[in-house]
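This report refers to the structure that appears directly beneath it.
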Amino acid sequence: MTSPLRHLTEAGLLGKFYIDGEWRKPIGSVAAAATVVNPATEQPIAEVTLGDDDDVDCAILAARRAFAGWSMTPPAERAALLDRVHGLLLQRLDLFAQVLTYEMGAAITYARGAQVPLAAEHIRVARDNLANYSFVTARGSTAIMREAVGVCGLITPWNWPLYQITAKVGPALAAGCTVVLKPSELSPLSALLFAELMNDAGCPPGVFNLVNGTGPIVGAALASHPQVDMISITGSTRAGVLVAQAAAPTVKRVAQELGGKSPNIILPDADFGRAVPLGVAAAFRNLGQSCSAPTRMLVPRSHMKEVEALAAEAASELVVGDPLAESTTHGPVANRPQFERVQTMIGVGLEEGAKLVIGGRGRPGDLRTGFYARPTIFSNVRPDMRIAQEEIFGPVLSIIPYDTVDEAIAIANDTVYGLGAHVQGTDMETVRTVAGRIQSGQVHLNYPDWDPNAPFGGYKRSGNGREYGIEGMEEYLETKAVLGFYR
C-alpha cells in the first residue's frame with residue numbers, strides 16, 4: 001500500500017482546497033502554510049496550505065449554488081451517496097488509520113479498531129436514519145415540515161480528526177444541507193483524504209467543500225459570513241465562544257460541542273475490581289484527549305486504598321510508545337502545545353498537594369523524543385483543585401473521595417462543564433436515580449457499548465445542540481408549520 005503521505009504529496013493535495021467538485025489552488029492574497037509534525041518523532045512530515053477570507057468566500061458561494069438542487073434531491077439519492085462514502089471508508093480503513101497515526105499519534109491498533117471504524121459508523125447511521133425519517137408529519141390539519149437549514153460551516157478538532165468530520169458531514173448531507181469544512185490545521189491530512197473520498201464517491205459539485213486554515217482566519221470568516229446559515233464547531237470552550245460571537249450579527253444557528261470534565265461515580269456497591277480498571281481505560285482512551293473522558297473518578301472514602309491499588313495496576317499495564325508498533329496501546333500526545341499543557345498540569349497537581357499514585361512529569365521509560373506523556377493518576381484530590389476543575393486533555397486521572405452519594409452527585413455537578421458522565425453500581429434503581437441527577441448530556445451506566453444513535457452534547461459550558469443519531473440530523477433541519485394543509 002502506498003504511504004498516505006506519499007499519496008497526498010504525489011497527488012498535489014497538500015497545496016490545494018476542495019471547492020465545487022475540484023481541487024483548487026488558494027486564491028487568497030495572503031500565502032500561508034502550516035507544518036504538520038509527527039508527534040512521535042517531533043519531525044515535520046508535511047506542509048499544508050492555509051486559506052483566507054477569499055478562499056472561504058469562494059467555497060461558500062459554491063455551497064450556496066449547490067444548495068437549491070441538493071436540498072431537493074430525494075432522500076434515497078442522498079442516502080445512496082452516504083452509502084458509497086461508508087463503503088469507501090471501510091475500503092480505505094488502513095490508509096486513514098496510517099495517516100491518523102502520522103498526524104496526531106494515535107496508536108495504529110487504536111486507529112484501525114476505533115478511530116476509523118467509529119467514523120464510518122457516523123456515516124452509516126446518517127444513511128439509515130435518512131432512509132426512515134419523515135420530513136413531513138401531520139398535527140391535526142397542520143403539516144409540520146422539516147427542511148434543510150442551508151449552507152453549514154463545519155469546524156472540527158485535532159483529537160478525533162476523521163471521527164468528528166463524519167459526525168458532522170454525515171447528518172448535514174442527510175438533511176439536505178451543503179457544507180464547507182474547516183479541519184484543524186494541526187491534523188489536516190485525514191481531512192484531505194476524506195475530501196478525495198467524497199469526490200470518488202460522486203458527491204455533486206459544491207455539496208462538500210474543504211478549506212484548510214486557522215480558527216482566527218478561516219474559522220472566523222465562516223462564522224461571520226452572511227451566506228452561512230449554520231455553524232457546527234467541536235473544540236475548546238474558548239473557541240466556541242469566539243465562534244458564537246462572530247456568528248451573532250448574522251443570527252445564524254450555532255451548534256457547539258466543547259470542553260468537559262466528566263465524572264465517574266463509583267457507588268459503594270460497585271464491583272471495584274471491574275469498575276476501577278475500566279474507569280482508568282475510559283479516562284485514558286485516546287490518551288485522555290477526548291472532551292468526554294471521565295477524568296474525575298469519585299469513590300467512597302472507605303475504599304480509597306483499594307481503588308488506588310487497582311488504578312495503579314491498570315495504568316501500569318498501558319504500553320506507551322511508538323504508535324506504529326502493534327504492541328503499543330497509547331501513542332504520544334498529539335502536539336507540542338498539548339504536551340506542554342499536560343506537563344504543566346501534572347506539576348500543578350503536585351503543587352496543590354494531591355497524592356501521586358503513578359506517573360508524573362516527563363516521558364515514560366527510555367523515551368527521549370516525541371510528545372510522550374506518562375499516564376498519571378492523582379488521589380486524595382479535592383474538588384476545588386485545578387486538576388479537578390480544569391480540562392487537561394491528556395492522560396491525567398483525579399481520584400476524589402466522597403462520604404455520601406449525595407455528596408458524590410454534588411461533586412460531579414460542581415463544574416462549569418456537563419458533557420459526559422459515568423455511574424457504576426450493582427443496584428440499577430440507585431444507578432438510574434444517580435444518573436438522573438447528574439447535569440450532563442450523556443451518562444454511561446456500568447460501561448455500556450458505544451451507541452452511535454445516542455445523542456451527544458453538553459450542558460452548561462460544554463456547549464449546546466446535539467450530534468449523533470436522529471437528534472444529530474435534526475440539528476441541520478428547520479421546522480416549518482403549514483396550517484390548513486390537511487383539509
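- Classification of Asp20 and Arg65 as a salt-bridged pair holds, one side-chain N sitting under 4.0 Å from a carboxylate O.
- With sequence neighbours left out, the salt bridge (charged side-chain N to carboxylate O under 4.0 Å, His left out) criterion links Glu471 to no other residue.
- At a threshold of 4.0 Å, the pair Glu474-Arg146 counts as salt-bridged, since one of the basic side-chain nitrogens sits closer than that to a carboxylate oxygen.
- Of the options Arg296, Lys261, Arg461, Arg341, a salt bridge (Lys or Arg N to Asp or Glu O under 4.0 Å) to Glu390 is made by Arg341 and by none of the others.
- His86 pairs in a side chain to side chain contact (heavy atoms under 4.5 Å, CB included) with only one of the listed residues (Leu82, Leu90, Leu89), which is Leu90.
- Residues Gln98 and Ser3 have side chains that never bring a donor and an acceptor to within less than 3.5 angstrom of each other.
- Between Tyr163 and His122, a ring centre-to-centre spacing shorter than 6.0 Å is recorded.
- Residues passing the ring-ring contact (aromatic ring centres under 6.0 Å, His included) test with Phe17: none are found, sequence neighbours excluded.
- A donor atom on one side chain and an acceptor atom on the other are found under 3.5 Å apart for Asn286 and Gln115.
- Residues that satisfy the salt bridge (charged side-chain N to carboxylate O under 4.0 Å, His left out) test with Arg64, not counting sequence neighbours, are Asp229.
- For Phe456, the ring-ring contact (aromatic ring centres under 6.0 Å, His included) partners are Tyr468, not counting sequence neighbours.
- Remark: Arg78 is positioned above the aromatic ring of Phe135, its terminal NZ or CZ atom under 6.0 angstrom from the ring centre and at most 45 degrees off the axis.
- Looking at residues two or more places apart in sequence or on another chain, you find a side chain to side chain contact (heavy atoms under 4.5 Å, CB included) between Glu467 and Gln164, Lys168, Ser232, Thr234, Glu257.
- Side-chain polar atoms of Asn212 and Glu185 form no donor-acceptor pair below 3.5 angstrom.
- Between Phe194 and Phe208, a ring centre-to-centre spacing shorter than 6.0 Å is recorded.
- Side-chain contact, Thr250 with Lys252: a donor N or O sits under 3.5 Å from an acceptor N or O.
- Side-chain contact between Leu193 and Leu95: present, with at least one pair of heavy atoms (C-beta onward) separated by less than 4.5 Å.
- Checked against Lys182 for a side chain to side chain contact (heavy atoms under 4.5 Å, CB included), the options Leu222, Ile233, Val56 give a single hit: Leu222.
- Listed by chain and number, the residues in a ring-ring contact (aromatic ring centres under 6.0 Å, His included) with His225 amount to none (sequence neighbours excluded).
- Relative ring orientation between Trp160 and Tyr110 is described as perpendicular, the plane-to-plane angle rising above 60° on a 0-90° scale split at 30° and 60°.
- Atom OG1 of Thr376 sits about 12.0 Å away from atom CE of Met345, to the nearest 0.5 Å.
- At a cut-off of 3.5 Å, with distance as the only test, no side-chain donor of Tyr18 or Glu196 sits close to an acceptor on the other residue.
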Given Glu42 and Asn38, is the side chain to side chain donor-acceptor pair (under 3.5 Å) satisfied, shown in steps? CA-CA 5 Å; Glu42 302 184 40; Asn38 183 337; over 6 Å; no
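- Between Val333 and the options Gln338, Glu340, Met104, Gln343, a side chain to side chain contact (heavy atoms under 4.5 Å, CB included) holds for only Gln338.
- Thr156 contributes atom OG1, which lies 8.0 Å from atom CG of Leu154 (distance to the nearest 0.5 angstrom).
- Side-chain contact check for Tyr372 and Asp322: no donor-acceptor pair (N or O, by modelled atom type) lies under 3.5 Å.
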